[in-house]
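Note that these values count all heavy atoms, side chains included, but never hydrogens, waters or copies made by symmetry. Keep in mind the model is a prediction, meaning the values are calculated, not measured.
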Number of protein chains: 2
Amino acid sequence: MRGIVNTPCSHCPLRDVAIFKQQQKRELQLIESLRGDQIVRPMGAVLIAEGAAQTALYTLFAGWAFRYKTLTDGRRQILNFLLPGDFIGLQQKVADGATHGVEALTEVWLCPFPRDAVWELHRQAPELGYDITWLAAHEESLVDNNLLSVGRRSAKERLATLLMLLFKRAAALLPPEQRQRVPFPLTQQHMADALGLSLAHTHRTLRELERLGLHHIEDGLLSLPNPRALARVADVWGDGVPPERPLI
Amino acid sequence: MRGIVNTPCSHCPLRDVAIFKQQQKRELQLIESLRGDQIVRPMGAVLIAEGAAQTALYTLFAGWAFRYKTLTDGRRQILNFLLPGDFIGLQQKVADGATHGVEALTEVWLCPFPRDAVWELHRQAPELGYDITWLAAHEESLVDNNLLSVGRRSAKERLATLLMLLFKRAAALLPPEQRQRVPFPLTQQHMADALGLSLAHTHRTLRELERLGLHHIEDGLLSLPNPRALARVADVWGDGVPPERPLI
DNA sequence: CGAAATGTTGACTATATTCAAGGCAAGTGG
DNA sequence: CCACTTGCCTTGAATATAGTCAACATTTCG
């Protein structure tokens, strides 16, 4: 993957993935008219700097990223991970500047929108405005889950929960036949920072889960040999089909 | 406070508080037309049960509440606290049911809205749709902050942060001359559950902060004798005037 | 090939939890 | 008015979970 590709939104391959709801033609045209040329950024790039004043908006088209906050002495907390289809930059609207940073976990492809696109979408298409509210509320529910983990789960339970939920999200983006092993670009440091653990303890706990046959990571791919048992450790439920989600 | 009072939105006393932005007459009328009769619920009441299927929407008119999640063995994590002006129930839209509970921390007064009000507001008044997105993003930023605390701050720093931020929010709702001592209805158990600490440790840490002259709680009122020092412990910055916020 | 990032491991320490008791104040019912 | 309950706060001792520090191994990549 390199260079710039500008697939029109009406032919966007992401939109064919089952978890995304179909947009009406009018709405799709509006999105396309606001969208700028796709951008590619390398692994590790800071997409939005913590504290940046004016930042752009993006839909993550390909690759993974994460939102994070840091304390002045460098301690870092990852808030949640961003996968293709996630919308980046909503938060800036509420605080005159970014209260968190966003960093690319892999090479990422972004569909940029001007800063006032959030307002334009609301104004010109209530349906899309509603979709944006939906995305904001959905991202909050991810953070809620992480907070529950970090606040009340043991290290083992936290890792189990993280692996479980990321596996589900990653799998949902793949064709059914490829869902045994899903892309998993996190380092142990990322997991530690997401779960509020030290690197050493994350490593030990991860090894324990692997010894129990609950997960396996190899070549950047994650597989869960015994999802039931892992879900039991994680205390994570809700097997139902996740609701369709909007894609801006 | 008892009985039912139905101040029309156009004469709502909350709207006179400086932190809330003024709504246009048309928007105000729409809000008023969707709103039901105000409801009073006692301290401790469950406003939204965890896992409830269909839940109402409310604007918190008076009193405090909190959002929480629990694990099956009873461990509880408080996600964030709700103060007058906060909107309750947005999350339900994204998951077909509540993924978290909401409980009243004091007696609360609620302005109820029908379940489809979120959509109606978007459809009939883009400006209000935008406001709802704003509220969702803003609540997420509160959760982000708590996650940073719970994941990466020490017990002492966590308590300092919680006291600092709640003090600011509570003070902003009061007339300037009453901002020395603000209402603070949390028990130590609430603080423990919000910060991912045990009750015993929360107590010990709280005593230490008090001994250092960093806070004082008496008769349900919180005062911060040395806000600068407390902010330093908390590693919390941003003194600027907080942006005006919408009130639905 | 060498440098840098990531993963691995052990020994030691610290922060925070658990468990167990008891105190105090407010409310309730006889 | 008093006994009793209930909820919240307080405290100490023992324990456990997770962090820190310090190496070293392995992989990746220019």
Can you check the Ile217(A) CD1 to dT27(D) P distance for me, whole Å?
16 Å
Would Glu139(B) and Leu90(B) satisfy side chain to side chain contact (heavy atoms under 4.5 Å, CB included), going step by step from the backbone distance to the final call?
CA-CA 10 Å; Glu139(B) 184 170 274; Leu90(B) 262 182; 6.0 Å; no
Enumerate, atom names and distances included, each donor-acceptor pair closer than 3.5 Å involving a side-chain atom of residues 142-150 of chain B, sequence neighbours excluded.
{"residue": "Asp144(B)", "atom": "OD1", "partner": "Arg67(A)", "partner atom": "NH2", "Å": "2.9"}
{"residue": "Asp144(B)", "atom": "OD2", "partner": "Arg67(A)", "partner atom": "NH1", "Å": "3.1"}
{"residue": "Asp144(B)", "atom": "OD2", "partner": "Arg67(A)", "partner atom": "NH2", "Å": "3.3"}
{"residue": "Asp144(B)", "atom": "OD2", "partner": "Gln91(A)", "partner atom": "NE2", "Å": "2.9"}
{"residue": "Asn145(B)", "atom": "OD1", "partner": "Lys69(A)", "partner atom": "NZ", "Å": "3.2"}
{"residue": "Asn145(B)", "atom": "ND2", "partner": "Ser141(B)", "partner atom": "O", "Å": "3.4"}
{"residue": "Asn146(B)", "atom": "ND2", "partner": "Leu79(B)", "partner atom": "O", "Å": "2.7"}
{"residue": "Ser149(B)", "atom": "OG", "partner": "Arg153(B)", "partner atom": "NE", "Å": "3.0"}

Between CZ of Arg153(A) and P of dT17(D) the distance, given in whole Å, is 18 Å
With hydrogens left out and only the distance checked, is there a donor-acceptor pair under 3.5 Å joining Arg204(A)'s side chain and the base of dG7(C)?
no
Gln77(A) side chain to Ala194(A) backbone, donor-acceptor under 3.5 Å
yes
Do Arg232(A) and Trp237(A) pass the side chain to side chain contact (heavy atoms under 4.5 Å, CB included) test, and can you show the C-alpha distance, the side-chain angles, and the key distance before you say yes or no?
CA-CA 8 Å; Arg232(A) 227 174 301 125; Trp237(A) 314 107; 4.3 Å; yes
Counting distance only, does the side-chain N/O of Arg152(A) pair as donor-acceptor with the main-chain N or O of Arg75(B) below 3.5 Å?
no
Starting from C1' on dC9(D), measure out to NE2 on His216(B) and report it in whole angstrom.
15 Å
Checking all strands, does Arg207(B) fall into the base, sugar-phosphate, or nothing category for heavy-atom contacts under 4.0 angstrom?
sugar-phosphate
Whole Å only: how far is the CD atom of Glu157(B) from the C1' atom of dG19(D)?
14 Å
What is the distance, rounded to the nearest whole Å, between atom CZ of Arg152(A) and atom P of dA18(D)?
13 Å
Are any side-chain N or O atoms of Arg245(B) and backbone N or O atoms of His138(B), one a donor and one an acceptor, separated by less than 3.5 Å?
no
Check whether Thr106(A) reaches the backbone of Trp64(A) with its side chain - one donor and one acceptor, N or O, closer than 3.5 Å.
yes
For Lys156(A), is there any backbone N or O sitting under 3.5 Å from a side-chain donor or acceptor partner on Glu208(A)?
no
What do the steps show when you test Leu110(B) against Ile88(B) for side chain to side chain contact (heavy atoms under 4.5 Å, CB included), and what is the final call?
CA-CA 9 Å; Leu110(B) 303 166; Ile88(B) 301 177; 4.2 Å; yes
Using modelled atom types only, decide if a donor and an acceptor are shared between the side chain of Asp86(A) and the backbone of Leu83(A) within a distance under 3.5 Å.
yes
Can you name the closest pair of heavy atoms from Leu224(A) and Leu163(A) and give their distance?
CD1-O, 4.3 Å
Atom NZ of Lys156(B) to atom C1' of dA16(C): distance rounded to whole Å?
15 Å
Compile the donor-acceptor pairs under 3.5 Å between side chains in residues 176-186 of chain B and protein atoms, sequence neighbours left out, one pair per line.
{"residue": "Arg179(B)", "atom": "NE", "partner": "Ala171(B)", "partner atom": "O", "Å": "2.9"}
{"residue": "Arg179(B)", "atom": "NE", "partner": "Leu174(B)", "partner atom": "O", "Å": "2.9"}
{"residue": "Arg179(B)", "atom": "NH2", "partner": "Leu174(B)", "partner atom": "O", "Å": "2.8"}

Contact list please: residues 66-77 of chain A against DNA chain C, heavy atoms, distance less than 4.0 Å, in numerical order.
none
State, to the nearest 10°, the angle formed by the axis through the first five base pairs of the helix from dC1(C)-dG30(D) to dG30(C)-dC1(D) and the axis through its last five.
40°
Quickly work out the Met43(A) CE to dA4(C) P distance and round it to whole Å.
18 Å
Using whole Å, what does the distance between atom P of nucleotide dA5(C) and atom CG of Leu199(A) come to?
14 Å
Begin with the C-alpha distance, continue with both residues' side-chain angles, and end with the deciding distance and a verdict on side chain to side chain contact (heavy atoms under 4.5 Å, CB included) for Arg76(B) and His190(B).
CA-CA 10 Å; Arg76(B) 178 175 77 168; His190(B) 291 123; 3.8 Å; yes
DNA chain C contacts made by residues 185-197 of chain A, counting heavy atoms under 4.0 Å:
Thr187(A), Gln188(A)
Report yes if a side-chain nitrogen or oxygen of His203(A) is closer than 4.0 Å to either non-bridging phosphate oxygen (OP1 or OP2) of dG7(C); otherwise report no.
no
Keeping Asn226(B) on the side-chain end and Gly213(B) on the backbone end, is there a donor-acceptor pair under 3.5 Å?
no
Between protein and nucleic acid, restricted to nucleotides 13-15 of chain C and to nitrogen or oxygen atoms under 3.5 Å apart, what atom pairs and distances do you find?
none

